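Here is the structure we will look at, set down as C-alpha cells.
Please read all numbers here as calculations on a predicted model, not as lab measurements.
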Amino acid sequence: MRLGFPRALMYYDYYPFWAGFFYKLGIQLVLSPATNREIMNRGLKLAPDDTCLPIKILVGHLTALKDVDGIFLPRLISMEEKTYLCPKVLGIPESVLFAIPPEIKVYTVDINWRAGKRKALQSLMAFGAQIGCSKSQIRESFVEAQRWMRAYQRMRNASWSFEESMERFQALMEPGKFDSLGFSQIKEPPKTESLNEERDYRPKIALVGHSYLTYEAYANLNLLHKLKEKAEVYLVENVPSPAIEKEQDKLRKRIFWSHAKKEYGAGAAYIQDAEIDGLIYLSCFGCGTDSMTNDLLARRARKAEKPYLVLTIDEHTGEAGLVTRLEAFLDMLERKNSHEAHFSSYGQRLDSDSGLA
C-alpha cells in the first residue's frame, strides 16, 4: 500500500512519528516533492485568500501527490498534554478536501494527546481497521512511532540541522538499520566547515518561528541559508523542553498553543542568554498566535536590551527587501560589537566639557 503524505505544515514536526508508524506496518509513505514554483502557484490559486501561507502551500502539495493508493491527512488536535495545535491545523482535513480529486481516498485519524495516551491509541486502532491492520499491529507501530520521534528530538537538541536529520531518517528506514543503530550514535551532528571563515566576527543569532516556515526554504526565500553564511544560527528545536517549560512558569498564564509555547519559551531563553547577540522572529502574515508571541518576546527583548528583528513573510514577500533588512540587522550587530564601549550612557556626554571623558 502506498499512502501519500504532503511535505508541508506538520511534516516538519511530526514526519518521523508517522514514518516510524507506517514503517512498522509495512506501508510505504510517499512524500510530495519539495516546494517549488509550480506547487506554490497551485496552492495560491486553489486555497481561499484568507488562509495563511503554510495552508496554501499544503494545498499545493496535495495536488502534487501522484500514483498513490490514498492520501494520509491526520487531524492533529494536540500532541502534548495541556496544549492545542493551531485552529487552522484543527480544521484539516476538511478545509483542504477541495484540492484532492474525488477518486483519491483520504485517510485520516484524530490525535489528541490532551485526552491521554490511551485515547490516542484507540483512535489509531480505529484507523487501523480501515487499512486492514490488527490492534496488536497498531499497538506495536505506536510504540515504534514514539521511538522514532524521540530519536528525532534528540537529533534536534544535539544541533542536527533539519536536513541532516531527515537524511539520517531516510537511511534508517532501510530494513534493520534503525534497530542496529538505536540511540547510541545519535549524539553529535556531523562536523561541517564554516561557510564564511574569513570573517573575524560572526554574530550568534537565534531564529524563532514556526518550523513549517523556518525550514520551508522556497517560501522563506532561503532565509536560513542566508543567515548561516554570515552568522551562527540557533533555532527553537535546539532548546531542550525543560528550559521551555521553565519560561512558561514565569507567565501569569501558560500558553496553550503548541507552537506558540515552544517559540516563546525558546525565544525567552535566548533573550536571557548573554552569548546570543540578537534574535530574529520569523512570522507569517495573518498568523493569530504569532501576534501574541511576538509581542511577548518583543517586550522581553526591550527590557533585556537585546537586538530584536521581526520578519513577516507571505506569498508577496520579495527577496531584495528581505536581504536588505537582514544586512542592516547584521551590520547593526557588528557595529554594536565593535563600538559599544564608545557609546555614552543615556543622559551622559563623553566629551572634554562633561568631565566624564
- Would you mind checking if E229 and K226 are paired as a salt bridge, meaning a charged N to carboxylate O distance below 4.0 Å? no
- Message: Could you check whether any side-chain heavy atom of L326 comes within less than 4.5 Å of a side-chain heavy atom of L223, counting everything from C-beta outward?
- Response: yes
- In one Ile/Leu/Val/Met/Phe/Trp/Tyr side-chain cluster, 4.5 Å: V96, F72: yes
- Query: Does M10 share a hydrophobic cluster with L31, counting links as ILVMFWY side-chain heavy atoms below 4.5 Å and allowing steps through other members?
  - Reply: yes
- Modelled atom types, side-chain donor and acceptor of E237 and S211, under 3.5 Å: no
- Task: Just say parallel, tilted or perpendicular for the rings of Y107 and F127, cut-offs at 30° and 60°.
- Result: perpendicular
- Pairing of R114 and E81 as salt bridge, 4.0 angstrom limit: no
- Please check if any side-chain donor atom of D13 sits under 3.5 Å from a side-chain acceptor atom of H259, or the reverse. yes
- Task: Compute the ring centroids of F162 and Y215, then answer whether they are less than 6.0 Å apart.
- Result: yes
- Show your reasoning for whether side-chain contact (heavy atoms from CB on, under 4.5 Å) applies to K119 and W113. CA-CA 7 Å; K119 183 67 175 178; W113 279 97; over 6 Å; no
- Query: Can you find a pair of side-chain heavy atoms, one from K56 and one from M40, that are under 4.5 Å apart?
  - Reply: no
- Could you check if a side-chain atom of L3 sits within less than 4.5 angstrom of a side-chain atom of V68, using non-hydrogen atoms only? no
- Note on the structure: Nearest heavy-atom approach of P6 to L62 is CG-CD2, 4.0 Å
- Query: Can a salt bridge be assigned to the pair E245 and R254 using a cut-off of 4.0 Å between side-chain N and carboxylate O?
  - Reply: yes
- Query: Any side-chain heavy atom of W257 within less than 4.5 Å of one from T83?
  - Reply: no
- Message: For a quick test of reading the model, state the closest non-hydrogen atom pair linking L85 to L76 and the distance between them.
- Response: CD1-O, 3.0 Å
- Which is it for Y308 and R300 under the side-chain contact (heavy atoms from CB on, under 4.5 Å) test, yes or no, and what are the steps along the way? CA-CA 10 Å; Y308 185 83; R300 291 286 297 268; over 6 Å; no
- Can you name the closest pair of heavy atoms from A231 and R202 and give their distance? O-NH2, 3.0 Å
- Task: Decide yes or no for R7 and T35: does some side-chain heavy atom of the first lie under 4.5 Å from some side-chain heavy atom of the second?
- Result: no
- Test item: K66 side-chain N/O and T63 main-chain N/O as donor-acceptor pair under 3.5 Å: yes
- Under 3.5 Å, is there a donor-acceptor pair linking the side chains of Q28 and Y23? no
- Aromatic ring centroids of Y152 and F17 under 6.0 Å? no
- Message: Quick check: F285 with H316 (ring centres under 6.0 Å apart)?
- Response: no
- Message: With a 6.0 Å cut-off on the ring centroids, do Y11 and W18 count as close?
- Response: no
- Working for side-chain contact (heavy atoms from CB on, under 4.5 Å), residues N337 and D277: CA-CA 9 Å; N337 177 71; D277 297 305; 5.7 Å; no
- Message: As a quick check of understanding, evaluate side-chain contact (heavy atoms from CB on, under 4.5 Å) for L25 and I131, giving each step before the final call.
- Response: CA-CA 10 Å; L25 291 175; I131 57 176; 4.2 Å; yes
- Item | Same apolar cluster: I111 and V106, side chain cutoff 4.5 Å | yes
- Looking at F22, is K24 sitting on its ring face, NZ or CZ under 6.0 Å from the six-membered ring centre and within 45 degrees of the normal? no
- Item | Centroid-centroid distance, F21 to F142, less than 6.0 Å | no
- side chain to side chain donor-acceptor pair (under 3.5 Å) against K250, all qualifying residues, sequence neighbours excluded: E247, Q272
- Task: Check the side chains of E327 and T324 for a donor-acceptor pair under 3.5 angstrom, ignoring hydrogens and angles.
- Result: no
- Query: Distance-only, no hydrogens or angles: does the D290 side chain make a donor-acceptor pair with backbone N or O of S283 under 3.5 Å?
  - Reply: no
- Message: Assess, by modelled atom type and distance only, whether the side chains of Y264 and N294 contain a donor and an acceptor separated by less than 3.5 Å.
- Response: no
- Item | Worked check of side chain to side chain donor-acceptor pair (under 3.5 Å) between E144 and S141 | CA-CA 5 Å; E144 186 74 358; S141 299; over 6 Å; no
- Message: On a heavy-atom basis, which atom in S32 and which in H61 lie closest, and how many Å separate them?
- Response: OG-ND1, 2.7 Å
- Carboxylate-amine/guanidinium proximity below 4.0 Å for R2 and D69: no
- Write down the atom of E305, the atom of P307, and the distance for their closest heavy-atom approach. O-CD, 3.7 Å
- Message: Can you tell whether the side chains of R335 and D331 come within less than 4.0 Å, N to carboxylate O?
- Response: no
- Query: Between CD of E263 and OG of S258, what distance do you get to the nearest 0.5 Å?
  - Reply: 10.5 Å
- Report the C-alpha distance between D110 and R75 in whole Å, list the side-chain angles of each, state the deciding distance to 0.1 Å, and finish with yes or no for salt bridge (Lys or Arg N to Asp or Glu O under 4.0 Å). CA-CA 5 Å; D110 291 357; R75 187 199 311 279; 2.9 Å; yes
- Item | Passing option when T289 is tested against K261, H210, K88 for side-chain contact (heavy atoms from CB on, under 4.5 Å) | H210
- Taking the side chain as C-beta and beyond, is there a heavy-atom pair between I280 and L227 under 4.5 Å? yes
- Query: Would a hydrophobic clustering, with Ile, Leu, Val, Met, Phe, Trp and Tyr connected at side-chain separations under 4.5 Å, put L251 with I244?
  - Reply: yes
- Message: Let me confirm one number: the CD-NZ distance from E275 to K204, rounded to the nearest 0.5 Å.
- Response: 4.5 Å
- When the ring planes of Y234 and Y270 are compared, do they come out parallel, tilted or perpendicular, using 30° and 60° as the limits? tilted
- Message: Is there a side-chain contact between I205 and I276 in this structure, where contact means two heavy atoms from C-beta onward sitting under 4.5 Å apart?
- Response: no
- Query: Side-chain contact, heavy-atom cut-off 4.5 Å: I104 with L65?
  - Reply: no
- Item | Heavy-atom pair with the smallest gap, counting every atom of M166 and Y15 | SD-CD2, 3.8 Å
- Message: Test of understanding: clusters of I, L, V, M, F, W, Y form through side-chain heavy atoms closer than 4.5 Å, transitively. Do L73 and F5 belong to the same one?
- Response: yes
